[in-house]
Amino acid sequence: NPLKFPLGPLSSAFCSGSGSTVEITLTGSETGTSYTLYRNSTLVPGSITVGTGDPIPWTTGQAGTYTVRATGANGCTAMMNNSVAVTSVQPFSLSTSPGFYCEGEAGVTLTLSGSQTGVNYRLIRTVGGVPTHIGSKPGSGSPLVWSNMQYGSYRVDAVKDGAECSTNEVIVEMVSFGSGVVDDVAPICKGQSVQLNASGGEFYQWAPAAGLNETNISNPVATPEATTIYSVTVTDNKGCSVTESVTVTVNSLPVADAGT
């Protein structure tokens, strides 16, 4: 009977849909003996190879359990030692909705559309061109979720048996107003008016309403009876908002002195 050689590696994986393949290797062979590769007990077309005394490699891009049968010159056959389990790592997509959060909030939720048991999923965050591995989850057969993710670019690497398959990238933005959305104003005399001015948003709400000609525009005119602190909430088109205030100082008019 033909000598038995180990088949390896015991397990391997490739990224489905990427055109990637894996190599299955019989670690040795006998000169003149024919070796046939089988996938799930079915002969792989074109796989029959005559031994030369060296290892024999086969390349495949199909999942399954692979075995090798040797046929000697005398017609005797033998199955080679062990089998190789080849796994296809399925593609899934990464998403978030919305792709932003407001400054001061915890962040956003990232969702991987599905997962595969036996596969490890690594979340990679890139900021300033530097990628960082920030967490891993084992595949469960269901979507995977990461919460409170801060600004940056994200992808997921699916890792199994030497295969590393990357998802699409998702950009997470932090919306920040910074400071100075409302301008300071100079003091006025009682009875005078001053125009207030806020910027950086789509919607404005001023309070209190007393002394203002409008409360929902960026630049209302204020004519307060006394010194008043006006606050304005500025909201952008994404729903993020900031509140700042400005003090309108009202100076009393001088009192005329008629003398004696």
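Numbering of residues begins at 1 and proceeds along the displayed sequence. The figures that follow rest on heavy atoms only: side chains count, while hydrogens, waters and symmetry mates do not.
Contact check for Thr111 versus Leu144: no side-chain heavy atoms found under the 4.5 Å cut-off. At a threshold of 4.5 Å between non-hydrogen side-chain atoms, the residues Glu30 and Pro2 count as touching. For the pair Val185/Val246, a side-chain contact is recorded, criterion being any heavy-atom separation below 4.5 Å from C-beta on. Here the side chains of Pro224 and Ile188 are in contact, with some heavy-atom distance below 4.5 Å. You'll find the side chain of Ser113 reaches within 4.5 Å of the side chain of Ser93, heavy atoms only. At least one side-chain heavy atom of Leu43 sits less than 4.5 Å from a side-chain heavy atom of Thr36. Under the 4.5 Å side-chain criterion, counting only non-hydrogen atoms from C-beta, Thr87 is in contact with Gln116.
Hydrophobic clustering (ILVMFWY, side-chain heavy atoms < 4.5 Å, transitive): Val86 and Val89 are in distinct clusters. Using a 4.5 Å cut-off between side-chain heavy atoms of Ile, Leu, Val, Met, Phe, Trp and Tyr, with links allowed through other members, Val175 and Val182 fall into different hydrophobic clusters. Residues Trp146 and Ile124 fall into different hydrophobic clusters, defined by Ile, Leu, Val, Met, Phe, Trp and Tyr side chains chained together at heavy-atom separations under 4.5 Å. Follow the hydrophobic side-chain contacts under 4.5 Å out from Met174 and you reach Leu110 in the same cluster. Criterion: ILVMFWY side-chain heavy atoms under 4.5 Å apart, direct or through other members. Under it, Tyr204 and Val248 are part of a common hydrophobic cluster.
Not counting sequence neighbours, Asp161 has no partner by the salt bridge (Lys or Arg N to Asp or Glu O under 4.0 Å) test.
Here Glu202 does not pair with Lys238 in a salt bridge; the nearest charged N to carboxylate O distance is not below 4.0 Å.
Checking side-chain atoms of Asn82 against main-chain N and O of Leu7 turns up a donor-acceptor pair under 3.5 Å. Judged by distance alone, the side chain of Thr247 and the main-chain N or O of Ile229 form no donor-acceptor pair under 3.5 Å. No donor-acceptor pair closer than 3.5 Å links the side chain of Arg125 to the backbone N or O of Val130. In this structure, the side chain of Thr25 does not engage the main chain of Thr27 through any donor-acceptor pair within 3.5 Å. The backbone N or O of Leu94 sits nowhere less than 3.5 Å from a side-chain atom of Thr167 that would complete a donor-acceptor pair. Using a distance-only test at 3.5 Å, with no hydrogens or angles considered, a donor-acceptor pair links the side chain of Ser29 to the main chain of Gly53. Remark: the backbone N or O of Thr243 is not paired with any side-chain donor or acceptor of Thr233 at under 3.5 angstrom. Side-chain N or O atoms of Ser47 include one that pairs as donor or acceptor with a backbone N or O of Leu37 at under 3.5 Å.
Nearest heavy atom pair, residue Ala106 against residue Asn148, reads CB-OD1, 3.3 Å. Annotation for Met79 and Lys4: closest pair O-CE, 3.4 Å, computed over non-hydrogen atoms.
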For residues 64-77, dump all side-chain donor-acceptor pairs below 3.5 Å to protein atoms at least two apart in sequence or in another chain.
unit_1 : atom_1 : unit_2 : atom_2 : d
Tyr66  : OH     : Thr60  : OG1    : 2.8
Tyr66  : OH     : Gln62  : O      : 2.8
Asn74  : OD1    : Cys76  : N      : 3.0

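Within the structure, side-chain hydrogen bond (donor to acceptor under 3.5 Å, both in side chains) pairs that include any residue of residues 217-232 comprise Ser193-Thr223 (at least two apart or interchain).
Interatomic distance, CD1 of Ile48 versus OH of Tyr35, reported as 13.5 Å (0.5 Å rounding). Atom-to-atom distance recorded for Glu173:CD and Thr96:OG1 is 12.0 Å, nearest 0.5 angstrom. Note that the CZ atom of Phe100 and the OG atom of Ser176 stand 13.5 Å from one another [nearest 0.5 Å]. Of the inter-residue distances, the one linking Ile217 atom CD1 with Trp206 atom CH2 reads 9.0 Å to the nearest 0.5 angstrom. Taken from CG in Asn251 to SG in Cys189, the straight-line distance is 5.5 Å, to the nearest 0.5 Å. Separation of atoms CG (Leu212) and CG (Leu196) is listed at 6.5 Å; rounding is to 0.5 Å.
More than 12 heavy atoms of other residues, nucleotides or ligands shown are found within 6.0 angstrom of OH on Tyr38. Heavy atoms from other residues, nucleotides or ligands lying under 6.0 Å from CG of Asn237 number more than 12. Heavy-atom contacts from other residues, nucleotides or ligands closer than 6.0 Å to CD1 of Ile134 number more than 12.
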Quiz prompt | Stepwise side chain to side chain contact (heavy atoms under 4.5 Å, CB included) check, Ser153 with Arg155 | solution = CA-CA 7 Å; Ser153 174; Arg155 76 172 192 271; over 6 Å; no
Practice problem: With side chain to side chain contact (heavy atoms under 4.5 Å, CB included) as the test, would you mind laying out the steps for Trp58 and Thr49 before giving the verdict? | Solution: CA-CA 9 Å; Trp58 289 273; Thr49 304; 3.7 Å; yes
Exercise. Please report the C-alpha distance between Met149 and Tyr101 in whole Å, then the side-chain angles of each, then the deciding distance to 0.1 Å, and finally whether the side chain to side chain contact (heavy atoms under 4.5 Å, CB included) criterion is met.
Key: CA-CA 9 Å; Met149 295 296 105; Tyr101 63 99; over 6 Å; no
Exercise. Applying side chain to side chain contact (heavy atoms under 4.5 Å, CB included), run through Val234 and Val232 and close with a yes or a no.
Key: CA-CA 6 Å; Val234 181; Val232 59; 4.1 Å; yes
